[in-house]
Protein chains: 2
Amino acid sequence: MVASLVGDPARANMLTALMNGRALTASELAQEAGITPQTASSHLGKLEAGGLIEPEKQGRHRYYRLTDPDVAGVLEGLAGLAARAGHMRVRTGPKDPALRRARICYDHLAGDLGVQMLDSMRARRLVRQKKQDIELTTEGERFLAKHLQISPDMLAHPRRPVCKACLDWSERRHHLAGTLGATMMARFTELKWAARDATPGSRVVNFTRTGEKSFAALFGNGGD
Amino acid sequence: MVASLVGDPARANMLTALMNGRALTASELAQEAGITPQTASSHLGKLEAGGLIEPEKQGRHRYYRLTDPDVAGVLEGLAGLAARAGHMRVRTGPKDPALRRARICYDHLAGDLGVQMLDSMRARRLVRQKKQDIELTTEGERFLAKHLQISPDMLAHPRRPVCKACLDWSERRHHLAGTLGATMMARFTELKWAARDATPGSRVVNFTRTGEKSFAALFGNGGD
DNA sequence: ACAACGCTTCGGCTATCATCGAAGCATGAA
DNA sequence: TTCATGCTTCGATGATAGCCGAAGCGTTGT
């Protein structure tokens, strides 16, 4: 059963660490979960057998990543259920407020700023959202081309939707996923508006001062 | 952790039994999971504490149901991951082929016929589907009003989308969820085209002979 | 009032599985 | 070749948690 794989705390920590979309080595994951490499090896084998993660050999390292954005989606859904039961992640620490503000959800922006961005885009009619479904409008395409140099053909992907509503576990509202969400996040990084936290395994996204201003100019509360 | 709750086989069986959307008593769930009432009571308490199920007292019975369609969604997602890993449900039996053909996924039609229905609706432009997102077209509204006496205002719901793509674990393709999926299934039942299997806890949907013909007339392969 | 029924709580048994030490097997470096 | 590093396999230990029998509590029915 897949759920029992996610159920174990050590494995859950590993998967959470992989939610930032990066591939991590076996030993990094071991440290992340607070267990010895031997134990980690066993867990990783099971997760791989369950199809949740994929290995990639590179020299004498083995990098693991989540097999699929779908896996990340289910994981996020699970986290959502856990959040509403009050079982907030025990993993408390100083980075918690930062996590709430801006973090990576697999490959796109989540947290307060992620929710705020989608809110603003919806208010400015850059996207249309009917309940769970999101669609990019022509105004939205113009906006993206003008302000973020993103053209529609950059968003095409054989098996992934352009827009997707992703439930945010801290805000309990939607943020933007899909190829658009991923591309926008990538652009923010390129523009040096924001950068993923340096500490390995962290999902925190730190905005620079100018980045914060630019982001607010595009998606600030004024548009709400 | 929520995932560990779903991870236990006994609890997983209980939850699977509740996926048909009906509420079941504690003893029914115990029998469904193949355990004694004492053990079941413990499990049900944990599931309730985890916010996955909700009790409802009624005389000397306690009925349990899934708290939310969201829970069903996450469960279905988990089943999808399990399916693609080849970990098909061990729960084999004579009802398996019937399950593959037509079953209830929380409150809407799933299985071969469910997938076929969405395929046909897409081909006839009753809905537009962009990757994961489904939208009802005006032709679709006309079709529903004419053939199934379903008007758009019957589909409005504060917190649930009209259309939603739900990944089918047996077909590994999408079928139609959301209020439309639920309403259509309800109409099929009212029209006596189909009925849920009588055996308690079964997700199988049995089509009558005339129901099968009527269904095929609307959503048959001819439209594909 | 009494009995039957549905469910829960308690206590003890058992098995599964996570965990780690030690050893083995690769790959890369000296 | 020789050593170091990263990871895996093996074996043994220990703790968590599922499980059931017995008993208790509340509700329904006679």
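Naming: A, B, ... by sequence-line order, numbering from 1 per chain.
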Considering only side-chain heavy atoms of B/R60, which listed nucleotide, D/dT28, D/dT8, C/dT8, is closest? D/dT28

In whole angstroms, how far is the C1' atom of C/dC17 from the CG atom of A/L47? 14 Å

Under a 4.5 Å cut-off applied to non-hydrogen side-chain atoms, are A/L52 and A/L75 in contact? no

Taken to the nearest whole Å, NE2/B/H61 to P/D/dG29 is 9 Å

Taking DNA chain C as the partner, which of residues 35-43 of chain B come within under 4.0 angstrom of it by heavy atom? B/P37, B/Q38, B/S41

5'-most contact on DNA chain C (nearest-nucleotide basis), B/R62 vs A/K46, goes to B/R62

Provide the closest heavy-atom pair for A/M154 versus A/Q149 in the form atom of the first, atom of the second, distance. SD-O, 3.9 Å

B/Y64 has an atom OH; how far is it from atom P of C/dG6, in whole Å? 15 Å

Report the nucleotide, chosen from D/dC19, C/dG6, D/dC7, that has the shortest atom-to-atom distance to any side-chain atom of A/S27. D/dC7

Taking atom C1' of C/dT8 as reference, at what distance in whole Å does atom CG of B/L29 sit? 15 Å

In whole Å, I'd like the distance from the CG atom of A/L44 to the C1' atom of C/dT19. 15 Å

Within the structure provided, determine whether B/M185 and B/V205 are in side-chain contact (heavy-atom separation under 4.5 Å). yes

Atom CG of B/D8 and atom P of C/dA15 are separated, to the nearest Å, by 17 Å

Testing the basics here: between B/F219 and B/M184, what is the closest heavy-atom pair and its distance to 0.1 Å? CZ-CE, 3.6 Å

Distance-only donor-acceptor check, side chains A/S42 and A/T39, under 3.5 Å: no

Between atom CD in A/E56 and atom P in C/dT27, what is the gap in whole Å? 16 Å

If you look at every heavy atom in B/F188 and B/L109, which pair is closest and at what distance? CE1-CD2, 4.3 Å

State whether A/R187 and A/E190 are salt-bridged, where the test is any N-O pair (Lys NZ or Arg NE/NH1/NH2 against Asp/Glu carboxylate O) under 4.0 Å. yes

Measure the distance from OH on A/Y63 to C1' on D/dC7 and round it to the nearest whole Å. 14 Å

